[in-house]
Amino acid sequence: MSSATEQGLIHRVQAIRLATDELRKWMQSTSVLGVSDADRDELAASLQEIEINLDKLEADPSVLTVVFLGGTGVGKSTLLNALAAARIASSGVRRPTTQFSTMYHHADVDITALPEPFRVCHAAPHEHPELRQKILIDTPDVDGSIPEHHERLKEILPVADAILYIGSAEKYHDRAVWQLLLEHAPTRGFAFVLNKWDRCLAGRDEKTGRAPDEDLRRSLHEAGFHSPILFRICGKQWEIKRVDGVSELELIPDDFLQLVRWLESGLDERTIRDIKARGIANELEKIISIVSRIIPPEWESKKEHLGATWREALRAGVTDQATLLIDSTDRQSNDLERHFGRLGREGIGGLFGIYLHLVDRLKHLRGALIPMPTGEKKKTEMQRIAAKCVDGIPDAVQNIQREAMRDRLLSLADREGWSIDVLSKILAEDSRERPIAEWNEASLARILTTELRTLEKDYADPRGSKRAIHALVRLLCTWAPLGVLAAIGVSLLYSLFSFQFWGVGEFFSAMLLFGITIAALHLLLVWVFPVKWESLREKLRSRLEFGLLDQVMPRYWEALERYTSHVMSERKLLVNVQSVLKTAHDQLERTTGNSASNLFAEKSHQADQPSS
Amino acid sequence: MNNMSTAAPATSVRKDSSNQILGTQLLADLVEVQSYYRERRLTGQDLSDAELHFIVGLVRYLFASPDGPILERRAHVMVIGGAGAGKSTTANIVVGASIAEANAQAGYTRHPTAIYRPIEGESHADWPDHLGPLKRLDRVEAGNLDEDRYDISSVVGETLDPNFLIHHVVWDCPDLTAKDASYYEARVIEIASLADVCLYVASDERYNDELPTNFLQALLEAGKPTIVTLTKMSPYDAEELANLFREQVLSRLKNADLVKDVYPIPMPLQVKAQELWTKAFPHGNRLREMIDQITGDLARLRKSARQHATQYLSTRRGRLLDPLAKDVGEWRLWVEQVRRASNTAVQRYEREYLSRSVFDDFQDARDAILAALPIPGRYAYAWELLEYLRVPYRMIKSAASKYVDRKTTGSVDEAFLLDRIREQLVDSLIVTVSGRRSRGGFWGELHRSLSNPKQLRMDAVYDDVRTKQLRDLRTHQRDAYERIDVRLNRSPSLLWGLRVGRLAIDAVAIGLGVWLGYQLFGTSLWIIALVLLSLGLADDLVRILCGEYVRREREELITKQRENARELFRVAYLDEMSNLPIGLGNRLHRMSEILDRIPKSISALAERSTAEERE
């Protein structure tokens, strides 16, 4: 092979190797893409084949490996013996005969440098200069009753650059062998031998049916070989002549000598190179098509979309959770009302303060036996109440809610083509690392406490205008009753001094006035410091919703981010590999000639239609 | 065999009525399984299409046999082998004339041809219209059109042994190994299951090929007596080849005793294949003699065939049913999942709605009863007085109850809750199914069905059932309400009885109060307080009694609602989802019955045939 073309091929080999190594590494890592098993297997097989091809190319780029393929008894070993003019392969009546492959190679070829499958062959070196660049391999069968033979054949087939398909008068397109032909036709060159030509000739005068060679040509045409190289041979006679040395044998006319000529000079440097290049190019095509199938779409936009969908679902779920918490607080509403009532009362002294205290006592008769918490206990009062609330929620209900939330999110993701397995794994990992984010009792209690405290603060210690109003009201409540009382006292004194004692009516109306003031002030107080739980809980509910959403949304968003980054990195790798392989393929195509075109099947062919 | 008359052959015992019923059922089941496997492409791994077809054929011809003298009274001899081995030549040798088309094209013959000599009155019309999937071809045409059919070739002229073809039918069949054989091997297998004797043809090239040997093994295991003919070798190699065959092939086969002979038919040089069936060679006579020996007692032959066949079926049963069992198993798993999910849904409904629901209607009913109790008319003012007396008690009681009563949680909107529960049910199932997708095709298909909401009927069915249920419930509720009302109004004696009863209770209360007060406090104002208390208590008592009565109706309604919920989820979800994946679920439902039935049928047939053998 000329050094320029040799260099070109080798250079490409390296680029291809790098890309396929990347691909192999990717296949061994865990992927989030959800590649089907069928695709994986196909890819692995193709990668293996191309590796062998590249190895061979590096070991000895000029050598062409031709592997014999055929059913048991068609005459492969006989043919090899005839070609070699020596009994290097065993042939005989017993079926199947050949158990191991025999490799017929020139002594100069360094077989130790060749890849693995070559080494299990029985080596038969020779010194014929015409066959210097070719290795011929005789193989076991694929359709006999010993399964180990089939295995061995399948192991040696990947090393073939070209396959010599051998059929006999009886077995020229049997199922088992034909399947192998169809399997390897896309990536290897084929030449064909119809053996036992004497038997074909014997049946020549039949009235019906096609002759075997014509039938074979037809089947090959269907399979995409439109001008196949076909030799019709009677191998036995040549074995007898060349190996056993019976030189005066009368020979039936056949194509044996043409076969020899083709092997020796027909397969020249150019053709060999083209065969190899074509084979690699076709294999690359296979890989490229699989990779194109696997590449995922742009994921960023999918992430945005799912994020929006999830936000909606989370909002709904959070509303449920908030309702659950609110319902639980209802059971403690007495305690809460009392607490808030007390907060409202703070800062109000005087008569009104005493009045309020009394009312409070009355209202919470049952709780009167329980002393009001003071000082330190006041701070943890909220926490205690919150814990009690959350405790009251049955575990089953909590679990159901949590699971329902999770299932909703996952099923939404599934609908948009995300892999649920991967997502739930990512979510589970997160919850292990940061258990705070998990929705359990403790965190619910915490959220409830926080919000109650905020509510409390808002109540007792507000900002801005509210503060002023509160102060004003407090002032009013403290002093107004006194003021009214003072006014009544003054008017009483005045009446005393004018000797107009008050009658029952006046006394009554004075009391009424006092009562009305107290009532009015109480109403004002209740208006500014609403104590009824019904009004407080609505505020609490909306706070809870926000709080829960804030806590929960980031975690899920992060899971989406992680997933997306995995997908994007794999995508990048695959797109890269695809482009490298495509470039190599295009370059190979451009530089490959046509000298080997009739050895290859036409590419876009569906080869499993029946012949009529 | 030369002294056999040309009279009609004796009737065979192919048919046996009790067997036939079993056999027909088994055949129908197996054919269903076959079409299921074909549609779902389940063959090819452990069980091949060929094996399945063979089993179906065996059942068809041995146990559920079709009618017809041709099948019953004649012995059928089938000639098979690999492509180009020399089947048609061998068939001609057996027939004793050049009937079958022998040529070198591998895969030329694509249809089985029956060769026979019709007796007086017999014609093509006596042959069955169908042999399984094979249609009878009534016109003689070129031998390789591509339908599923069988040809008939009647021999009327001279042959070497005319009687042979009266008692037998010789089938020339397509090969097993050419590249397109997968299209027509079903036709070969159909005849193989029908045949009484097989002629296995192997050439020196093919005698140890995997595919034909496997076929031979299947024939032997199914109980078909076989004669092996070896062809194409030179006369010098004949004996060696026969020995090689016995050593390499026969020794490894089960039931090898059913191979009656290994008969070489060598091809001497300068001899054409057409000469082999002439008188010049003894092969025809020898083969016919051997076949006659086997088919002499046809009834016995077929009895023995049945026994072997049931054994074959029993050993193959597992492999046969495994793919179906797997699918049915997955389907059953799925149905279980759905059942569990809908149980959870019903439980949730109970817990979050039923246990909390308040039936305002029934408060009204109770109040209605109470309103009907006082005596109307002139005595109404007495009632008014009593009512006034009860006011302080009521006030105190309501004030106290406000402090004591826990606030109950608010009521839930039923429809909203049900929608959430349904959503959760479907979500959890989608997540489960998606997680199982790696386990195989069934779950993948299920996932596809579930992800396609337009095709799912659950919502439609749910709406239907729910509307109906709500309507019924409302009627039921109204009826219950009316029942209470009507019961009171319809029966004045009851009403008056209750009224008098009420009055009596009040009277007793007052009396008790006075007496107790006198006992405790003597004559003082406290008596009045006690009387008020007892009046109030009496009132409470009556209220409770009415409430209890009304509660019973309410409970009934709650039970009805619970049942409704169960029915709702069962019909809209369990039943509908059992039919998923779309097109497959309900089929698997049927197939699960077949899965249970087939093993029973096979054992029953096995028992019968052993009993038969003993007779």
Side-chain angles (χ1 to χ4, degrees), chain A residues 71-74 93-96 143-145 147 150 168-179 196 199-200 202-203 206-212 215 219 320 327 330-331 333-334 363-366 394 396-397 400 403-404 406-408 410-411 414-415 419-421 424 533 610-612, chain B residues 82-85 101-108 143-144 146 176-183 203-211 213-214 232-233 237 240-241 244 248-249 252 272-273 344 348 351-352 400 403-404 406-410 420 423-424 426-428 430-431 434-435 438 447 451:
Chain A
T72 169
V74 299
V93 182
R94 184 181 265 269
R95 304 253 158 279
D143 60 356
S145 46
H150 315 173
S168 73
E170 196 176 312
K171 268 194 207 181
Y172 55 88
H173 60 189
D174 261 18
R175 278 204 254 199
V177 195
W178 202 255
Q179 260 167 25
K196 303 203 181 169
R199 291 200 184 177
C200 298
E206 281 154 3
K207 295 183 231 84
T208 53
R210 259 174 250 133
D215 206 20
S219 302
D320 277 351
D327 285 353
D330 281 349
R331 281 180 228 115
S333 59
N334 279 334
K363 263 178 104 184
H364 296 104
L365 268 176
R366 185 174 70 96
V397 176
I400 285 187
E403 266 178 40
R406 198 188 67 113
D407 284 347
R408 177 104 276 258
L410 287 179
S411 99
D414 176 74
R415 206 165 289 173
S419 154
I420 290 194
D421 284 343
S424 34
W533 185 237
S611 56
S612 48
Chain B
E101 300 213 38
N103 58 44
Q105 183 184 345
Y108 179 81
N144 53 3
D146 223 359
L176 295 164
T177 57
K179 71 174 170 64
D180 297 330
S182 47
Y183 288 96
S203 69
D204 55 344
E205 207 171 293
R206 281 198 186 281
Y207 76 88
N208 201 6
D209 274 8
E210 185 181 25
L211 225 153
T213 308
N214 287 348
K232 297 206 180 168
M233 67 293 212
D237 294 327
E240 189 192 346
L241 198 65
L244 278 174
Q248 285 185 284
V249 182
R252 286 186 295 121
K272 294 212 193 298
T344 313
R348 197 177 154 192
R351 193 176 36 232
E352 292 181 31
Y403 311 144
V404 173
R406 303 198 135 221
K407 294 220 172 72
T408 50
T409 47
R420 295 306 290 268
E423 199 181 68
Q424 189 201 354
V426 175
D427 281 343
S428 74
I430 288 183
V431 170
S434 186
S438 57
H447 183 257
S451 311

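Just so we're clear, the structure is a prediction, and the values are computed from it rather than from any experiment. As a basis for the values below, the full set of heavy atoms in this structure was taken, side chains included, without hydrogen atoms, waters or symmetry mates. Chain letters run A, B, ... following the sequence lines, proteins first and then strands; every chain starts at 1.
Using a 4.5 Å cut-off on side-chain heavy atoms (C-beta onward), A:Ser145 and B:Arg252 make contact.
Not counting sequence neighbours, the partners of A:Arg408 by the salt bridge (charged side-chain N to carboxylate O under 4.0 Å, His left out) test are B:Glu423, B:Asp427. Legend: residues meeting salt bridge (charged side-chain N to carboxylate O under 4.0 Å, His left out) with A:Glu170, ordered by chain and number and at least two apart, are B:Arg206, B:Lys232.
Contact count against chain A (heavy-atom pairs under 4.5 Å) is highest for B:Glu205 among B:Met233, B:Arg348, B:Glu205. No other option in B:Gly82, B:Ser428, B:Ser451 has as many heavy-atom pairs under 4.5 Å with chain A as B:Ser428. Your options are B:Leu176, B:Ile430, B:Val431, and the one with the most heavy-atom pairs under 4.5 Å with chain A is B:Val431.
A:Asp414 and B:His447 form a side-chain donor-acceptor contact under 3.5 Å, judged by distance and modelled atom types alone.
The shortest heavy-atom contact between B:Ala178 and A:Arg175 is O-CG, 3.0 Å.
Contact annotation for B:Thr177: both backbone and side-chain heavy atoms come within less than 4.5 Å of a heavy atom of chain A. Contacts between A:Lys196 and chain B at a heavy-atom distance below 4.5 Å involve the side chain alone, from C-beta outward. The part of A:Asp421 that comes within reach of chain B is its side chain, from C-beta onward, which places non-hydrogen atoms under 4.5 angstrom from that chain. The contact between A:Pro96 and chain B is made by backbone and side chain atoms together, counting heavy-atom distances below 4.5 Å. With a threshold of 4.5 angstrom between heavy atoms, A:Val177 does not approach chain B through any atom at all.
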Derivation and outcome, salt bridge (Lys or Arg N to Asp or Glu O under 4.0 Å), residues A:Asp215 and B:Lys179: CA-CA 12 Å; A:Asp215 206 20; B:Lys179 71 174 170 64; over 6 Å; no
